[in-house]
Amino acid sequence: EGYKIGISNTVQGNGWREQMVCAMKAEALASGKVESLNIAHRNTDAAGQLEDIRNLIQAGVQAIVVNPSNSEGINSAIKEATDAGIVVVAVDQAVTEPSAYILSNNQEQYAYLGAKWLFETMGGEGAVVYMRGAAGAGADNDRDVGFKRAMAEFPNITIAQEVFTGWQQDQGKQQINDIIAAGVPFQGVWTSGIDNVIVDAFVESGAPLVPIVGADNAGFVGQLSSVEGLQGAAVTNPGSVGGAGVALAIQILDGQMPAEKTVLVDPALWENVTEEGKANLAAAANPNLSPEWPVSVSIDGWTTYTMDQIIACKGPGE
Amino acid sequence: MTTTTTNTPVLARLGRLMVDTPLIPLTLILLALIAVLAILNPAILSMFWVGNTLKIAIPLAMLAACQTLTMLTGGIDLSVGTAATIAAYVTATATPLIGAPSAIGIAMACALAIGVVNGIGIAFARVHPLIMTLGTGLIATGCLLVYQRSVISTGTIYPEVLVWLGTGRTWGLPNGLFLFIPFAVLILWVQRRTGFGRLLYAIGSNEAAARLSGVRVWQVHLALYSLSGIIAGLSGLLYLGMVKTASLSLALPLDLPSVAAAVIGGTSIFGGRGGYGGTILGALILTVLATMLTLLQMPEGGRRILYGAIILAVTALYIRLTDRS
Amino acid sequence: MTTTTTNTPVLARLGRLMVDTPLIPLTLILLALIAVLAILNPAILSMFWVGNTLKIAIPLAMLAACQTLTMLTGGIDLSVGTAATIAAYVTATATPLIGAPSAIGIAMACALAIGVVNGIGIAFARVHPLIMTLGTGLIATGCLLVYQRSVISTGTIYPEVLVWLGTGRTWGLPNGLFLFIPFAVLILWVQRRTGFGRLLYAIGSNEAAARLSGVRVWQVHLALYSLSGIIAGLSGLLYLGMVKTASLSLALPLDLPSVAAAVIGGTSIFGGRGGYGGTILGALILTVLATMLTLLQMPEGGRRILYGAIILAVTALYIRLTDRS
Amino acid sequence: MTPAPASPAAMLDARGVAKNFGAVVALRDASLLVAPGQIVALMGANGAGKSTFVKILTGALKPDAGQVRIRGQDSTVASPAGARRSGLVPVYQEPSLIPDLSVADNLRLGDTPVDRFRHWVSELGLPDLRQDAMIRSLPLAALRIVDLARALAVEPDVLLLDEMTAALPTNLVDRVLSVVRAQANAGRSVIYISHRFTEIAAICDRATVLRDGLTVGDLAIEPGIEDRIVEMMLGAGVAAAAATRNASRSSSQGTPRLKVRGLATGTRLTNVSLDLRPGEVLGVVALEGQGQDELFDVLAGNRRATAGTVEVDGKPMTFAHPADAIAAGLTLVPGDRAHALLMQRSVRENIALPLLARFANWGGISMREEQTRVGAAIERLQIDTRAQGEVRRLSGGNQQKVTIARWIAKGVQTLLLFDPTRGIDIRTKRQIYALVRDLADQGAAVLYYTSELAEVRLACDRAVVIFNGRVVDVMDAADADEPTLMRAAYGLTEKTPEAAGAVA
Ligand SMILES: Nc1ncnc2c1ncn2[C@@H]1O[C@H](COP(=O)(O)OP(=O)(O)OP(=O)(O)O)[C@@H](O)[C@H]1O
Ligand SMILES: Nc1ncnc2c1ncn2[C@@H]1O[C@H](COP(=O)(O)OP(=O)(O)OP(=O)(O)O)[C@@H](O)[C@H]1O
Ligand SMILES: [Mg+2]
Ligand SMILES: [Mg+2]
């Protein structure tokens with residue numbers, strides 16, 4: 001007789017989110033304490049997520065792990081759930097409803113860490129191409145705060161070009177191609193996770209490589225060790241926070257309350273300049289993963305599943 | 001007897017020129033945009049930039065061929081983005097399992113299947129193309145999601161020929177032209193010099209009249225939407241080689257621009273008028289426009305405003321110049 | 001002399017019935033869906049469920065009114081989702097600064113402005129409504145992004161009256177009906193019993209003839225798209241009260257379903273035929289369908305496949321039954 | 001030309017009106033003078049500019065030059081609504097009713113007084129027209145009557161009728177003529193356009209003749225004036241080419257090309273039998289709505305028969321699609337050319353359309369061969385190709401010729417002509433009679449429905465008369481004078497079905 005846990009996610013068909021869901025399933029399976037997962041996994045907005053959460057409440061789950069589409073939009077449903085005694089854990093992004101637990105990647109730190117490394121590698125001066133995510137998205141706003149904090153520490157760094165990739169690979173590639181073709185001078189590129197296509201664009205166009213900071217997506221991590229002359233760094237943004245969220249929910253159901261309602265997972269940075277960084281990269285690289293999956297498939301201290309379990313992407317009873 | 005003054009206003013004369021040779025004003029618009037670009041950043045006009053622009057415009061121009069052909073009959077095909085995405089995704093994920101040739105074969109079969117279903121719904125069930133293609137697009141996306149769950153861990157490989165076509169260059173120009181130039185010549189020939197092409201115009205201008213002349217309209221619809229599916233699949237393969245990412249939404253963002261390219265190129269959404277020559281120019285205009293907005297350092301909001309405004313302005317100008325009287 | 005056999009096939013007779021009273025078959029389809037639901041889960045048919053379904057269907061039905069009215073003239077309005085989103089976003093973010101009444105006023109003015117721009121482009125520049133409304137939608141989204149950057153820190157408040165309308169219940173039924181019932185009556189009256197309504201049919205059915213009868217088509221287009229903007233704004237406010245979230249993409253996912261609701265309800269995308277009664281049923285059918293797919297615990301892929309397939313099947317069935325003259 | 005004398009009594013006085021459509025000069029210098037109580041015929045060959053003139057007078061088109069005075073006042077009529085306020089009400093050549101609205105809603109749209117409309121509709125011969133009937137369900141003739149009644153109900157000072165009668169059967173034409181005459185007698189003015197001299201002679205007071213956009217004459221209607229008008233319309237020399245009556249030589253032996261027995265469909269066509277032989281032109285005469293539309297539709301594969309048989313060259317056939325009929329050699333020129341033409345495509349594409357219809361012909365087109373064939377057809381029908389880029393820019397008569405030319409280019413075996421001279425000027429009519437005769441001489445068979453009874457003797461060998469969905473009489477063209485045809489068309493001389501069926 002295990003727990004019955006509900007999952008709600010509102011973006012589908014994106015490697016990062018797929019990994020998140022697989023991590024949730026794998027963690028539920030690996031913990032051995034979960035009887036069934038009830039997964040609402042579709043492309044929708046706050047309104048649809050409200051409906052999904054209410055359906056989960058009706059289905060009688062004991063905990064809900066949710067990647068909120070929006071920081072306020074689903075508060076009413078979360079309140080209904082916690083009022084009914086259900087444990088709610090928001091992963092990846094925060095919600096403002098105080099009764100929910102939050103376990104998320106520290107997006108501000110993510111941007112700060114990468115930008116700082118980039119600016120240092122550039123020698124503290126020069127122009128940088130700043131390739132953001134989707135305009136208006138919460139994570140993008142948080143990352144912008146971190147990026148600007150790093151900028152403030154390096155007064156001689158300027159922004160050569162600021163663009164929104166919309167987290168779309170093709171759009172990002174077209175933009176960097178335009179920038180290269182236009183002859184805008186720049187000495188570094190910071191991208192919000194659209195990374196391997198950027199490296200591709202440099203290689204294909206024959207333009208001289210500059211330092212590039214991206215996320216720990218499998219494709220980019222591979223490039224960091226294989227592309228000749230590329231200096232770069234991958235900042236971890238594990239989709240496996242989903243697994244951590246499930247682990248947190250199980251802990252709470254087991255009666256172990258965390259000290260804080262909000263737990264931030266801090267990112268790590270793996271660069272390919274120092275030996276230590278190279279070793280980190282080599283350890284993380286995994287040719288079995290889809291290039292869009294983050295390679296950091298687990299989070300120390302939280303997740304307990306094996307690599308094979310997350311790749312298999314099977315939950316309890318599947 | 002009064003003499004009619006024969007000095008017609010300049011605008012009207014320009015209009016007549018455009019009706020006769022619609023490619024001229026489009027070329028002028030394109031050159032004007034390039035001139036603006038050159039003023040903004042004189043360094044830009046390099047061979048590299050030209051090749052790059054062509055490369056980006058090719059998949060768009062190919063998808064816009066689907067819109068041009070279907071719009072000639074008064075239809076539209078909003079499932080092309082999905083068909084292209086499916087072809088790309090299936091190729092990338094099936095290649096590790098069964099090798100590139102078979103994977104490409106299966107991918108093209110999927111794209112064709114979408115076209116055939118569209119054709120059947122439009123030809124026999126007489127569902128409006130807008131609804132039909134949106135519906136099959138939805139269904140096909142669903143199938144892709146189901147498929148994706150089953151291949152999640154197989155990894156992806158991009159067949160070399162596609163990568164060569166998508167990213168390689170020869171004498172500074174993208175290899176994609178080796179696919180696109182024969183393709184464009186073929187489409188132009190089909191549209192202007194074949195019975196099938198004529199029938200597209202005929203159905204778009206008066207379906208009842210075409211029927212009375214002995215045209216079996218369903219045959220044309222079935223062939224047309226199947227062709228559209230094949231073209232979309234092909235564009236998807238090329239796009240895969242270009243972007244080297246198998247995402248579930250790869251070519252979806254091209255759906256609306258492909259319609260816009262055809263409309264800007266002078267093809268009427270009501271059917272019966274237009275052609276692929278204009279569409280190619282339309283695709284180039286949109287691509288150059290996107291570059292320009294990137295270079296202008298616009299924030300995202302301003303970009304969208306300008307992009308929308310320029311598309312509307314070009315369309316309105318074109319209508320104004322060609323449609324008076 | 002042979003006697004013509006008068007026993008027409010059942011399907012044809014049913015067809016004639018449907019042409020005369022198109023609401024009957026739609027009601028039957030709706031009841032059939034509810035019956036399927038009841039079989040899947042007998043517990044579901046509660047007053048609560050009815051109220052909930054109505055509540056979800058209302059914003060969709062309101063946006064579908066925009067599609068119905070514009071489709072009667074052979075047009076379409078794909079900017080309604082954007083207009084609704086902007087109205088909602090502006091209301092939520094401006095209320096803390098200037099109070100609810102002024103905020104709502106400004107929000108409705110924005111929605112109206114989108115409609116007026118659509119109207120001008122369609123009436124004077126003669127841009128096709130599909131292109132025009134997509135274009136203004138893009139521009140308006142851009143403006144919203146610019147606006148969002150400037151109000152980022154003021155926080156959001158949802159005016160109480162909207163929350164009451166959006167989430168409250170009276171005798172088990174959603175308060176939204178207090179807005180929707182007068183609205184629906186008004187639209188039905190406009191469409192059937194006013195000169196303006198008749199002009200919509202006239203323009204959709206034969207614009208040239210309408211012009212020759214002295215109708216100033218531009219006036220109708222201008223009024224129509226402005227009205228459509230206002231309705232969209234109103235739906236956005238209601239939706240805001242329902243969802244209590246000011247997101248930048250709040251009502252965008254309703255764009256295509258609103259078209260689907262009108263089409264399923266029997267309004268022709270070619271203009272001249274249909275009406276709002278059918279659209280309301282179409283919106284209910286779509287809502288019940290969505291509930292059903294959720295209850296079935298379908299994975300997302302399966303959901304989309306079923307959703308698309310059912311919409312196409314209903315449309316094709318309806319065409320088959322009504323169009324065989 | 002001599003300017004018309006300025007007359008203070010003139011109701012309408014238009015001078016020096018000019019209009020260009022791009023390179024096409026529709027009107028060069030057109031003038032027209034109408035006094036109160038007068039009916040003025042506006043005459044001219046196809047493409048002379050009559051319709052354009054009417055559209056300018058009623059504000060549907062803007063002239064490039066010219067001056068229009070109404071009741072002696074300078075006036076600029078800017079829109080159809082403005083024209084109506086000035087008392088000018090047109091009935092355009094294309095029905096201007098909204099197909100998806102009922103009759104009553106169409107009336108409301110134009111603020112037409114309903115009572116007077118009802119009065120006029122029954123006066124014009126359609127007393128049982130339902131106000132809630134959808135326009136799209138009404139036949140073309142009824143639409144013309146509704147159009148006219150709508151105009152009359154406004155009680156206009158000047159009524160402009162552009163080929164109002166071209167699609168009407170004879171009985172309705174008579175009603176229209178007497179109503180129009182009565183209007184003039186009540187002091188109103190009428191501008192009347194028609195290609196039929198009998199109508200002009202019956203009711204008009206004067207005729208203004210247009211040639212190539214130029215007013216070339218203004219004369220009083222009197223007996224014997226016809227030849228002068230024709231000469232003015234066409235230019236000297238052409239008028240002399242009178243129609244040559246063909247010798248009737250229908251052969252009754254051999255297999256008929258087309259053998260129809262007991263054909264029925266819908267409610268109108270109940271039982272038609274007829275034989276059509278190679279080399280024969282068989283006229284079909286019927287009042288409005290007697291089943292002739294359905295007969296032609298069934299034979300062209302555009303509609304299915306519910307009873308009866310069709311044999312082509314002795315082989316029984318059923319047609320599920322027009323393509324089947326065309327494959328069997330049956331080709332239709334429909335009554336409504338809007339159903340036949342690709343209005344926004346070129347003359348060439350319109351004529352070549354049937355050549356490309358079959359799947360086997362979807363491949364490359366041999367442009368040279370197409371040009372030869374199309375050119376020959378254009379030549380044969382003398383189509384005015386000044387505006388050939390888009391068929392919609394041709395005058396009505398020239399559009400009609402395109403619908404026939406298409407089948408000439410394809411080659412005909414059996415031609416189904418439904419009122420092919422609708423709206424065609426006198427010269428072209430004669431050309432078409434000659435053409436039909438030529439085709440028959442070369443072995444084609446022609447079924448020729450006409451709403452203009454006089455045509456039977458000019459174009460046909462035999463005629464069948466249809467009434468109430470069945471053949472009620474068959475006669476030799478030589479015997480088919482108008483009174484005889486009229487009586488038969490009303491069913492007054494009905495032979496027993498067997499007798500009629502057997503001889504047909
Ligand atoms: N919209 C247009 N664009 C171009 N040319 C036109 C247009 N309308 C009419 N024309 C041309 O103007 C000339 C006169 O046309 P109009 O219809 O007035 O002739 P008409 O005397 O009424 O002829 P018909 O008896 O055949 O109807 C024709 O040559 C026609 O091709
Ligand atoms: N689409 C149509 N198909 C068949 N008949 C039509 C059609 N439209 C109008 N008619 C009828 O044919 C007549 C002739 O129309 P047309 O356009 O030829 O007029 P016109 O231009 O004044 O004359 P003409 O063609 O002799 O120059 C009109 O009076 C009308 O009743
Ligand atoms: Mg005319
Ligand atoms: Mg004419």
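In what follows, chains are A, B, ... by sequence order, proteins preceding strands, each numbered from 1.
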Working to the nearest 0.5 angstrom, can you tell me the gap between C/Leu138 CG and B/Ile311 CD1?
6.5 Å

Chain B: which of C/Ile131, C/Val259, C/Thr141 shares the most heavy-atom pairs with it under 4.5 Å?
C/Ile131

Using side chain to side chain contact (heavy atoms under 4.5 Å, CB included), reason through B/Ile76 and C/Leu130 one step at a time and then give a plain yes or no.
CA-CA 11 Å; B/Ile76 197 166; C/Leu130 184 75; 4.0 Å; yes

Pick one of side chain, backbone, both or neither for C/Val263, based on which atoms fall under 4.5 Å of a heavy atom in chain B.
side chain

Select, from C/Ser268, C/Gly302, C/Cys143, C/Ala260, the one with the greatest count of heavy-atom pairs under 4.5 Å involving chain B.
C/Cys143

Report the distance from atom OG1 of B/Thr315 to atom CE of C/Met132, rounding to the nearest 0.5 Å.
9.5 Å

Just wondering, do C/Leu312 and B/Ile139 contact through their side chains at under 4.5 Å, heavy atoms?
yes

B/Leu145 versus C/Arg304: any side-chain heavy-atom pair under 4.5 Å?
yes

Quick check on B/Phe270 against chain C: is it the side chain, the backbone, both or neither that has a heavy atom closer than 4.5 Å?
side chain

Structural part of C/Leu144 lying under 4.5 Å from a heavy atom of chain B:
neither

